Amino acid sequence: MAAQKWSFKITAVRKVLIALAALAAAIAVYRLATGLGTTTNLNDRWPWGLWIGFDVLTGVALAGGGYSTALLVHILHYNKFNVIARSAMLTSLLGYLLVMVGLFLDIGRWFNFWRPFVSWGYHSVLFEVFWCISLYTLVQVIEFGEIATERVAKSWHKPLKKIMPVMLILGVLLPTLHQSSLGGLYVIEVGKLHPLWWSPLLPLFFLMSSFFVGPAMVTIETTLAGRALGHRVEDNILRSLIRIAGVLMVIYLALKIIDLVNRDAFGYVFAGGLESNMFLLEMIVGVIIPIIICFTPWSAGRSGLVTFGVLTAAGLVINRMNVVITGMYQALGPGYFPSWMEWAVTIGLVSGGVLVYLFIAENFNILGRHEEQETA
Amino acid sequence: MLTLSVLVDLTRCTGCKACQTACKQWNDLPAGIPEFDNNLTFPSKTDGNTYTVVQHRVTKKDGQDVMRFAKMQCLHCLEPACVSACFAKALQKTAEGPVVYYPHLCVGCRYCMLACPFNVPKYEWDEVFPLISKCQYCFDPNGRYDRVGRGQKPACVDSCPNDTMIFGNRDEILKEAWNRINGDPKYVKHVYGEKEAGGTNWLYISDVPFETFGFRTGVTERPLPEYTHDYLKWTPTVIAAWGGLLTLMYLYTKRRGEVGKEQGQDKNISA
Amino acid sequence: MTNHFVDYQHTDVFLMIGSNSAENHPQSMRWIGKAKRNRGAKLIVVDPRLTKSTVYADIFARHRPGTDIPFLLGIMNYAIQNNLYHKEYVVNYTNASYLVNPEFGFNDGLFSGAGEKNGRVTYDKATWQYQKDGETIKKDPTLKHPNCVFQLLKKHVSRYDIKTVSNITGIPEDVYRKVCETFASTGAPNKSGNIIYAMGITQHTTGTQNVRAIAMLQLLLGNIGRPGGGVNAQRGESNVQGSTDLAMLSHLLPGYLGVPNATKHKNLQDYIERETPASGYWKNKPKFLISLLKAFYGQHAAKENDFCFDLLPKVDGKNRTHMGIFQEMMAGNIKGFLAWGQNPAVGGPGASYERKAMEKLDWLVVVDLFETETAAFWHAPGVNPQNINTEVFLLPAAFSYEKQGTVTNSGRWIQWRYQAVNPPGEAKSDLWIADRLFKAIRKEYQSGGRFPDPILKMNWDYDIPGHDEPDVEKVAVEINGYEIGKNEPLDSFGKLKDDGSTACGMWIYTGYMAVDKDLNVPNCKRRSREDSGLGSFLKYSFSWPLNRRIIYNRCAADMDGNPWDPERALFKWDGNKWICHDVPDFGGGKPPRESGAAPFIMLPEGHGRLFASGPVDGPFPEHYEPMESPTENIISKQQAAPCANVFKGDWAKLAELGDPNYPIVATTHRTIEHYQSGAVTRSCPTLAEIGPYMYVSVSEELAKEKGIKPGDDVWVETARGKIKCKASVLPVVKPLIVNGRKVEIVGMPWCFGYQGIVTGPVANDLVPAVGDGNTSIPESKAFMCNIRKA
Ligand SMILES: Nc1nc2c(c(=O)[nH]1)N[C@H]1C(S)=C(S)[C@@H](COP(=O)(O)OP(=O)(O)OC[C@H]3O[C@@H](n4cnc5c(=O)[nH]c(N)nc54)[C@H](O)[C@@H]3O)O[C@H]1N2
Ligand SMILES: Nc1nc2c(c(=O)[nH]1)N[C@H]1C(S)=C(S)[C@@H](COP(=O)(O)OP(=O)(O)OC[C@H]3O[C@@H](n4cnc5c(=O)[nH]c(N)nc54)[C@H](O)[C@@H]3O)O[C@H]1N2
Ligand code: SF4
Ligand code: SF4
Ligand code: SF4
Ligand code: SF4
Ligand code: SF4
Ligand SMILES: [Mo]
């Protein structure tokens, strides 16, 4: 393939995104140079806040589209989803890279980030999360390497292709582990995390929700990309994808209820107050309405699909923030609202991600050439 | 149990803060100017530079206004959540009992802070490269801050004029605690730390409810690391089973696809 | 303290009144705690504030500042009315049976002999004397004679019934009755009660009489001279006992010898004749004084020249106490001032006026560890240095850990302390500074001067050849006393002579530097942890006098030499000799009846004084309202202390009774975190951190009424000034019902100033310059204020 010019259209929206990303970058430098106390509103009561809650916990889950698609396409070989595979995986890779940046900014002693590679606190859930996310990001880089080498460093393309099967299997195994482990982190918050969320099944809930949010994200993303880059995925493909999610959501909902009843916590659901309301919001917006959409003709059209996607993703965001913030409120007390710099970094990270996505999508074969993968 | 314990009998504490200042001085911890606190507890909580704080409270007992104090610090759990939470082994439980922090290993993730059922670990928020801060039980076997490792009492225990704290074997200390409780009806019938979070090395008895000072009540009696372990123990199984299953599925569906293609139909498209 | 801290473990009932031991004498709580645990002792705390000491209290009586006399006289009344006093003790060991001049009387707040001088009552004490038969005092051991001390006391205190006391103090009747029952129970012969007091008792215009009331109550209940008993003034600064012993007060020479008076004492003979009683241990006074003169003037002091008696400074009848001096300074009569280890800019009453007074000085020398508020008075906030011409010198002093020497604790233990670290920078020990200063002054006088002899004839020889630092042990030996020509420290003041053959800087300390034969160290350096019985630890340090741990200890046993409580047998006469666990103050050999005849060895009459003619303001304590008070005095028409010292000027400006601008009672107190004016502790980071804010304690009711929320800034205002600080709203203080009306009380620490790491307004800016008639101690514990949200 002949060398092409790199292309990147600068639109008004993109200018805004660039500005936001630049601001975040500046704050990030400031944060690294001066510490967490100067930048964040975190404190001894609230050691984890927006960055862990959104950038990491939510980020990883939203990036779950990568592994759920990978499972469907590469492991189960549901070939009809091929059209979305590459973009889902790209989003996922970018998501994880952003998570890494977020994490890096959030750890107080970033120069020591490598410690757990040598000093093994294997009894920690975080240890599993750390290893899995690190490895998975590596796996995704390799996976993306396969795409990238179609255009640059082409001599690497063949060997990469060779190890792809292993990578693909790892690429599903590792996220399974760490998506659940992210929930596992909060299993130790016995008595601190509100009973509406705390459960020994929390890891499973995290895993399931990260899986069913995948199709939702793919739907949103393909719709947006379709608009921005003129790439359309057919509604029926998305609809069957969503159906898979829907089935999982029904199981999820049922499990939640059984779990709440089992733990004598069901009473809290309608107890009123911040926790109950947020829980209801999360379940109604993020699970029940999407299920209805999914199994009614509503999901036949694009608007239904997009609504499903948006609601499910929003539900997941609410869920993760509920675990990190709402559910901890009673135990930790008031005293935390993210600083403007925390918001700016979070927003900037997402903006940066979008920009990179757009750049890659415009310059690499992400959206169009799905059939090639299988035939090569 | 042959681990070193401290019994803090809050009925003996007169709020003199000798322990609080002894801790600062012994451990070379810097001082700041804390915010005003109506209860006149300064700093009002332990923080990045303060391992222990004597909480002042005016409360009611038998209808009378009374003053009570509680020296708060890490409880040195028998099975510490913080240690189990630390993915870099920067927190470790020693055989003698103390739960010790090794700063050079710390990444600064603050998961220990979240994991501790008593909200003990604090952070040096004002530092560029902050460290976790918590009572080290004056245990520092190779370092200058060691006392317990050299057979001395912790600095705070040693400085108390009122024998509010006694230091010794957990079994004996626990027995003494119950002796005191059973011998005097004024005590609340509870040894805080006997069962909380599976038991702690620092134990408290009091004649006013522990909530008065913000001790968490209703803490699970099961050691917290067990909850994590219940989950983590499945990891190898999941890796083996799920990994194996994925491989099989991969191979199977791939083969089925190839077969399908050979037969001119795409077997994998509908599902 | 008549007793000592370790002895607290033997107490049955503690009455802690006007002392907050948990904050100010933390170690004492240890022994109170022990007594509670080991012998079921009870603790009564009497304080306007809920203090840390109440943690151990069985009864907390919240009372109005300045009402301690009714409180204490009421217990006496209760004990007498209910026959709970210690009869045997009272008859044998006190002056209860003495007959008093039949002319003696008391009428509506004033005792007989009241006259007036400069707007204040002065008494002619002629009627306050005992009836005598020649030299013998008349007595009635049945205590029935209407003129006997007991009957006079009974009558005097009978006015303080429970209801009246409750009305004045604001303590509910049932609580007060409980207090009376509990403390009067120590009148039982085998029980001992311990009264612990400090500044809540003394810092009043009735301060001396407050202390008298305590002593009388203890005599009545038979609690003095016994293990677990005593009148226990928990003293102040770590070595304030030592400095008081060594004549910190303007009317005393070392060892509590009165300073000669310029008009009364023309010569040594005069002094000796007028000031030496015929009986009691003070009859040895000439030996102590002449030995002191020998110590001061060395070989210059000889019989022929009255041992240089003329060189001693004399008093002139003017008030030379703290406030007296500042009054003179305000008037411009004092040119130079040496503030040596004191910080009056924060600690003095009407402190803002005292700071103003210092502007009148030509020079000020501050010898201190830090640039204190006093040293910095000329650049305090709101002060323009340009208007001040005082030249200020700051001499850096070494802290106690940076030098060696002795410290005397409240229990009279004199303990040698060693130097731990070297002083920083140019800081020098106080001894070094005093030594150089003296030598420099002497040098000046060598070339002439108005009256050089007191300086030039001063015995001053503390050098160690080749050393910069003077020899503190030489100073110590001089204080201890020695035989001229021999350098050995004497082991007892019994060996002091009035013929000039002994020298002794302070007789009461004699023996503290004598070498212990067994341990081979000077007594004050002993650290044996072996108990010599009943916690006396006679081989641990040295307790003045003569290593005696409990003074007036003959009272520990009855007339026959049997201990009042066999379990606490400090002394027991076994028929031939005394079995001792302390150093007896009655001569080890004297049989019980003989020694029991005069157990209060320092008093000429040998008996504890329930009636005393010493105080200027009456032989019995009587309740007067504080100079500023929220209520009229309901017990007599004498509103305030008749003999109080009221100074001139705005610093003594007082709010009128009922002034609506100042309706709230204020008191001041200390906190554990800071020491005194805070000069040291507010400069020490760890301590600054634990006590960073000046605050005022406000009741929840008052806060609500004034719209004050916890932590709000508030103004506290008195007739002298106002300060802004934080409000701590807790039931530490609460309104009391006084004479039928609700009275609010606020409390403030006085440890803040404008220097150091943490700063805050000076509480003493609010305090009036009025003092006790006997001692001039300022009334910093009871005055009127107002408070509002800032
Ligand atoms: N930490 C610390 N310790 C100290 C000092 C210090 O500054 N800080 N200072 C030292 C010195 S020099 C001294 S003199 C001692 C003083 O020791 P304390 O006398 O114990 O000290 P204060 O807190 O001034 O006063 C004692 C109590 O008297 C109460 N009080 C106020 N008004 C009255 C009243 O009218 N009647 C009665 N009965 N009580 C009243 C106050 O509320 C206070 O609780 O402490 C010594 N020890
Ligand atoms: N409102 C109110 N006022 C009070 C009282 C109260 O209860 N209420 N209490 C009163 C009482 S009891 C007292 S004792 C006075 C105390 O009043 P001050 O004696 O004026 O106050 P301190 O802060 O004790 O001052 C002692 C000074 O000595 C310095 N210093 C410490 N060690 C050394 C040393 O070794 N050498 C030298 N040269 N200096 C040293 C310290 O830095 C400090 O500046 O305050 C009185 N004022
Ligand atoms: S109290 Fe908290 S910090 Fe201390 S050992 Fe237990 S879990 Fe760790
Ligand atoms: S902050 Fe440090 S000590 Fe705490 S869990 Fe993280 S790495 Fe371990
Ligand atoms: S044990 Fe040591 S480190 Fe812990 S609070 Fe006590 S003095 Fe501080
Ligand atoms: S040293 Fe003892 S009495 Fe003092 S505050 Fe600490 S525990 Fe309480
Ligand atoms: S002198 Fe020192 S040891 Fe003694 S009570 Fe005061 S602070 Fe404590
Ligand atoms: Mo004092």
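The figures that follow rest on heavy atoms only: side chains count, while hydrogens, waters and symmetry mates do not. Chain naming here is simple, since letters A, B, ... match the order of the sequence lines and numbering starts at 1 in each. As the structure is a prediction and not an experimental result, all values here were calculated from the model.
- Only the side chain of Thr220(B) comes within contact range of chain A, with heavy atoms under 4.5 Å apart.
- Thr46(B) touches chain A through its backbone: at least one of N, CA, C or O sits under 4.5 Å from a heavy atom, while the side chain does not.
- Counting non-hydrogen atoms of neighbouring residues, nucleotides and ligands closer than 6.0 angstrom, the CG atom of Asp126(B) reaches no more than 12 such neighbours.
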Residues Trp125(B), Asp44(A); criterion side chain to side chain donor-acceptor pair (under 3.5 Å); working and verdict: CA-CA 8 Å; Trp125(B) 292 103; Asp44(A) 280 335; 2.8 Å; yes
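- There is no contact between Phe117(A) and chain B, counting heavy-atom distances below 4.5 Å.
- Residues satisfying the side chain to side chain contact (heavy atoms under 4.5 Å, CB included) criterion with Leu232(B), sequence neighbours excluded, are Val125(A), Glu128(A), Thr228(B), Thr235(B).
- Heavy-atom contacts from other residues, nucleotides or ligands closer than 6.0 Å to OH of Tyr102(B) number more than 12.
- Residue Cys106(B) touches chain A through both its backbone and its side chain, counting heavy-atom pairs closer than 4.5 Å.
- Closest approach of Leu114(B) and Pro47(A) over heavy atoms only: CD1-CG, 3.5 Å.
- The environment of Tyr252(B) atom OH is sparse: at most 12 non-hydrogen atoms of other residues, nucleotides or ligands sit within 6.0 angstrom.
- Relative orientation of the Tyr111(B) and Trp48(A) rings is parallel, given thresholds of 30° and 60° on the angle between their planes.
- Chosen from Lys122(B), Glu127(B), Arg222(B), the residue pairing most often with chain A at heavy-atom distances under 4.5 Å is Lys122(B).
- Top candidate by heavy-atom pairs under 4.5 Å with chain B, chosen from Ile188(A), Leu174(A), Thr34(A), Thr40(A), is Ile188(A).
- Interface remark: of the candidates Leu131(B), Leu251(B), Val219(B), Ile132(B), Leu131(B) forms the most heavy-atom pairs closer than 4.5 Å to chain A.
- Applying the salt bridge (Lys or Arg N to Asp or Glu O under 4.0 Å) criterion to Lys24(B), with sequence neighbours excluded, gives Glu689(C).
- Residue Glu211(B) places its CD atom among more than 12 non-hydrogen atoms of other residues, nucleotides or ligands, all under 6.0 Å distant.
- You'll find the side chain of Val172(A) stays beyond 4.5 Å of the side chain of Tyr250(B), heavy atoms only.
- For the options Pro117(B), Pro130(B), Gly243(B), Pro225(B), heavy-atom pairs under 4.5 Å to chain A are most numerous at Pro130(B).
- Rounding to the nearest 0.5 Å places CE of Met249(B) at 11.0 Å from NE2 of His77(A).
- Taking Val166(A), Leu42(A), Leu36(A), Leu168(A) one by one and counting their heavy-atom pairs under 4.5 Å with chain B, the maximum is reached by Leu42(A).
- Side-chain contact of Tyr231(B) with Ser181(A): a donor-acceptor pair under 3.5 Å is present, judged by distance alone.
- Screening Trp114(A), Phe127(A), Phe130(A) against Phe87(B) for a ring pair (Phe, Tyr, Trp, His ring centres under 6.0 Å) leaves a single residue, Phe130(A).
- Enclosure of atom CZ in Phe129(B) by more than 12 non-hydrogen atoms of other residues, nucleotides or ligands within 6.0 angstrom is indicated.
- Atoms CG and NE2, on Leu246(B) and His74(A) in that order, are 13.0 Å from each other to the nearest 0.5 Å.
- Residue Arg45(A) touches chain B through its side chain alone, counting heavy-atom pairs closer than 4.5 Å.
- Here the closest heavy-atom approach between residue Ser124(A) and residue Ala85(B) is recorded as OG-O, 2.6 Å.
- With chain A as partner, the option from His229(B), Arg216(B), Glu124(B) having the largest number of non-hydrogen pairs under 4.5 angstrom is Arg216(B).
- Closest heavy-atom contact between Leu224(B) and Val190(A): CD2-CG2, 3.2 Å.
- Only the side chain of Leu332(A) comes within contact range of chain B, with at least one heavy atom under 4.5 Å from a heavy atom of that chain.
- Using a 4.5 Å cut-off between heavy atoms, Lys233(B) makes no contact with chain A at all.
- A pairwise comparison of heavy atoms in Ser119(A) and Lys89(B) identifies OG-CB, 3.4 Å as the closest pair.
- Heavy atoms of Leu71(A) lying under 4.5 Å from chain B belong exclusively to its side chain.
- With a 4.5 Å cut-off on non-hydrogen atoms, Ile239(B) touches chain A through its backbone and its side chain both.
- Although no hydrogens or angles enter the test, the distance criterion places no donor-acceptor pair under 3.5 Å between the side chain of Ser84(B) and the main chain of His123(A).
- For the pair Arg115(A) (side chain) and His104(B) (backbone), a donor-acceptor distance under 3.5 Å is present.
- One N or O on the side chain of Arg110(B) and one on the backbone of Asp106(A) form a donor-acceptor pair closer than 3.5 Å.
- Heavy-atom minimum distance, Lys192(A) versus Asn119(B): NZ-OD1, 2.8 Å.
- Ranked by heavy-atom pairs under 4.5 Å with chain B, the list Asn43(A), Thr38(A), Leu177(A), Val187(A) is led by Asn43(A).
- With values rounded to the nearest 0.5 angstrom, Leu126(A) atom CG is found 5.0 Å from Cys109(B) atom SG.
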